[in-house]
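Quick note: residue numbers are just sequence positions, from 1.
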Amino acid sequence: QGDDGRAYPWGPKWDSKRCNHNVDNKGIGQTTAVREYEGKGESPFGVVDMAGNVWEWCLTDYENNENDINEAASRVLRGGAWNVSNTNGFRCDCRDRGNPRSWNDSRGFRLSRSFLSSEF
């Protein structure tokens, strides 16, 4: 959400041109290439595809918010997917859940790396 509490990665209001979705049945009906929405839907931090395309798996357990990789029965999913038809699914504050042992074409993951400020 950034420091300003934005509703969507790009700002306060829904904009159908900024992510892959199926709101009002106007989606393309499948996933898109990574960075398809670059220059359209970035967060203020320059991160692309934080909403739409596929739900992104999080390490966090949905029920207890713990990050034990071996114990979770359901994990948090964020960001909405290409087949989601409600704009609320793309909001920064939206959480969905999924069994980490199941998969489908609307779930994926993002590899990321964080740096300590002393590493720059």
Side-chain angles (χ1 to χ4, degrees):
Q1 287 179 282
D3 297 335
D4 58 4
R6 61 190 51 234
Y8 301 96
W10 53 81
K13 296 182 180 179
W14 169 252
D15 184 341
S16 64
K17 297 179 186 120
R18 296 185 182 260
C19 72
N20 187 4
H21 63 87
N22 196 33
V23 174
D24 297 326
N25 295 316
K26 294 183 179 177
I28 61 172
Q30 63 187 16
T31 59
T32 53
V34 173
R35 301 182 123 183
E36 180 78 19
Y37 290 87
E38 188 170 24
K40 302 172 190 168
E42 286 94 341
S43 75
F45 306 102
V47 183
V48 180
D49 289 331
M50 293 299 289
N53 214 23
V54 294
W55 286 101
E56 293 188 7
W57 287 105
C58 298
L59 178 60
T60 310
D61 182 287
Y62 188 86
E63 300 298 329
N64 62 24
N65 292 326
E66 292 183 12
N67 293 328
D68 184 345
I69 196 163
N70 297 311
E71 296 298 322
S74 65
R75 295 210 184 279
V76 171
L77 293 162
R78 290 200 177 261
W82 62 271
N83 59 354
V84 173
S85 59
N86 184 325
T87 60
N88 287 334
F90 304 99
R91 291 178 55 90
C92 295
D93 59 0
C94 179
R95 295 170 78 228
D96 201 358
R97 64 167 30 165
N99 181 326
R101 289 165 186 77
S102 69
W103 58 272
N104 63 41
D105 63 354
S106 67
R107 297 176 182 174
F109 62 94
R110 174 186 306 251
L111 298 177
S112 65
R113 180 177 179 187
S114 62
F115 296 92
L116 297 174
S117 60
S118 63
E119 292 182 23
F120 288 107

Provide the closest heavy-atom pair for [X] versus [Y] in the form atom of the first, atom of the second, distance.
X	Y	answer
E42	K40	OE1-N, 3.3 Å
N88	N86	N-OD1, 2.8 Å
W10	R18	CG-CD, 3.1 Å
G41	P9	O-CB, 4.3 Å
I28	N20	CG1-OD1, 3.7 Å
C58	R78	SG-CG, 4.0 Å

Quick one, [X] and [Y] - any side-chain contact, counting heavy atoms below 4.5 Å?
X	Y	result
L77	R107	yes
L59	R75	yes
D68	D61	no

Quick check: is W57 connected to V76 through a chain of hydrophobic side chains (ILVMFWY, heavy atoms under 4.5 Å apart)? no
Is there a path of hydrophobic side-chain contacts, each under 4.5 Å between heavy atoms, that joins W82 and V23? no
Gap separating the CG atom of N64 from the OH atom of Y62, nearest 0.5 angstrom: 12.5 Å
Contacts of type side-chain hydrogen bond (donor to acceptor under 3.5 Å, both in side chains), residue S74, not counting sequence neighbours: none
Using side-chain contact (heavy atoms from CB on, under 4.5 Å) as the criterion, point out the one residue from V34, T31, V48 that pairs with N53. T31
Hey, is the main chain of R35 close enough, under 3.5 Å, to the side chain of D49 for a donor-acceptor pair? yes
Considering residues at least two apart in sequence or located in another chain, which fulfil the ring-ring contact (aromatic ring centres under 6.0 Å, His included) criterion with F90? W14
